[in-house]
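Quick note on labels: first sequence line is chain A, next is B, and so on, each numbered from 1. Both backbone and side-chain heavy atoms feed into the values below; hydrogens, waters and symmetry mates do not.
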Number of protein chains: 2
Amino acid sequence: MGLSDPDWDIVMRAPLFKAMGATITRAMIGDRGPKTYGRGERVFDEGDPADGFFCLIEGWAKLYRLREDGEEVVVAIFSAGETFAEVAMFLGGRFPAGCEAVSPARILKIDAAKLRRAVMDQPQLAFDMLAAASMRLRQLVDEIEHLKARSAPQRIADFFVRQAAATSGPARIALPYEKALIASRLGMKPESFSRALGKLAGLGVAVERESVSIADVARLAAFAVG
Amino acid sequence: MGLSDPDWDIVMRAPLFKAMGATITRAMIGDRGPKTYGRGERVFDEGDPADGFFCLIEGWAKLYRLREDGEEVVVAIFSAGETFAEVAMFLGGRFPAGCEAVSPARILKIDAAKLRRAVMDQPQLAFDMLAAASMRLRQLVDEIEHLKARSAPQRIADFFVRQAAATSGPARIALPYEKALIASRLGMKPESFSRALGKLAGLGVAVERESVSIADVARLAAFAVG
DNA sequence: GGGCTCGCTTGACCTTGGTCAAGGACGGCG
DNA sequence: CGCCGTCCTTGACCAAGGTCAAGCGAGCCC
């Protein structure tokens, strides 16, 4: 049981898979499917051997550390189309943090061994991946330097578009329980998030308690880049 | 004739070289020195084979494309401590843009062949570089999402500190002819740049027409991170 | 030298988003 | 059913930086 076509779309948005190309990616993933997690379910624990990396296909997951006093510190939040835990895997050690699903989620795991074998067989692949990493680095530096270029509503629109499985037409996406989580994910305060959502109403975005419905993803996408 | 010690400091600030580690970097660069370019001199042209990448040690260079109507579009501006053209090199094709020195500059070129050989000999190196790239990515994401709180004066201070060869004490750095270029490089308008410079006067930064003198680099660095 | 252009600075005003603080809305629980 | 805590929204205010527009100074060409 492999991935469905919309799932492939999402997987191929990840820079790492883009770098490898669709053919090699498909060969590496084979017909393994994503695993489904419930809200609060563990993906891996701190200290587990880092024998692979992950690609989130649907839902949300958080990376967290437990401080000595038992308090949890959220290190990062991932959502659809993002890969994570590659660092630990490339270094070949153990996970320095735990990961759990924040909402129901589907997550694909890719074996380190398979990636390693692919790179050894075909060292050019390493260069492709480095090229992708460099490109992404440059892009992020740009983002830092001209963060002003995109307003809060635009960043939210962009985020919703990435979440949506479809690239045009209507869509509905699920939000994790707390909206403050999304706000921090997008680098803004909950208040700004709330206000910005109001401004998106004019573009066919309706927000319910735990989900968002979009009248036309393509229209929202156009607004996000503008 | 290898690099001088302050030059090494600057080279090792580049993430790519950090990833490889000082030993391999030194082995790869060997005793090749940087080439000196005059203002307006070509570093490479669009369409040249991408047989290496570059590290800017002193001065400024711009990456540009010529549109069909002959108009020049500046794609990026580089200054001390930055590497560029890695993407084209990793992909092993031709340069998709031209590059020329905007001010007198010293630029080090690293052969693709040497890097390629190092990676082929020692595929683990590719993983190390990927791990470093991923780590840097994560770090940049953090910077975007949390630490976007750096004011214009702070960004300028940070920029000047990176430019300076020394890490403490007084320094003088050269600016390219138009300050608007620096402003765009730092993601702000020339007006804001001008005003922000005024605020740095209190920290021992004196601006002349084409250069800046800094009373104490360490003090400026402290302000930049604060 | 006088006018000219071009880059830089300065001033007044506006938009964006952060901050602080005060309400709602909903669910859990006694 | 009402009390309460949590999350979300809303409003008033503020600081940073963008925008528009005018002034200034240096080089340049006649």
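Side-chain proximity of R195(A) to dT9(D), dG18(D), dT10(D): nearest is dT10(D). The side chain of A180(B) lies closest to dC8(C) when the candidates are dA21(D), dC8(C), dT9(D). Comparing atom distances between the S194(A) side chain and each of dC8(D), dT9(D), dT9(C) picks out dT9(D) as nearest. Minimum atom distance to the side chain of M188(A) is reached by dG18(C), of the listed dG18(C), dG17(D), dG17(C). Here the nucleotide nearest the side chain of E191(B), chosen from dG17(D), dA21(D), dG18(C), is dA21(D).
Residue K199(A) contributes atom NZ, which lies 12 Å from atom P of dT10(D) at whole-angstrom precision. One interatomic measurement links the two molecules: CZ of R155(A) to C1' of dT16(C), which rounds to 10 Å at whole-angstrom precision. Counting to the nearest Å, the C1' atom of dC8(D) and the CG atom of L197(A) are 11 Å from each other. Distance, L181(B) CG to dG7(C) C1': 13 Å, rounded to whole Å. Between the NZ atom of K179(A) and the P atom of dT10(D) there is a distance of 10 Å, rounded to whole Å. Counting to the nearest Å, the P atom of dG25(D) and the CD atom of E178(B) are 21 Å from each other. The CG-C1' distance, from L175(B) to dC8(C), rounds to 13 Å in whole Å. If you take CZ of R150(B) and P of dA15(D), they are 22 Å apart, rounded to a whole angstrom.
A sub-4.0 Å separation between OP1 or OP2 of dG17(D) and a side-chain N or O of K189(B) is absent. Distances shown here put every side-chain N or O of S192(A) at or beyond 4.0 Å from the OP1 or OP2 atom of dG17(C).
Taking the six-membered ring where the residue is Trp, F95(A) and F44(A) present parallel rings, their angle staying beneath 30° rather than reaching 60°.
For the pair K109(A) and D51(A), the salt-bridge criterion is met [side-chain N within less than 4.0 Å of a carboxylate O].
Using a 4.0 Å heavy-atom criterion, one finds that A196(A) contacts no nucleic acid atom at all.
Aromatic ring centroids of W60(A) and F159(A) lie under 6.0 Å apart.
Here the side chains of P104(B) and T36(B) are not in contact, with every heavy-atom distance at 4.5 Å or above.
With I156(B) as the fixed residue, the side chain to side chain contact (heavy atoms under 4.5 Å, CB included) test singles out one of V205(B), I182(B), V161(B), L200(B): L200(B).
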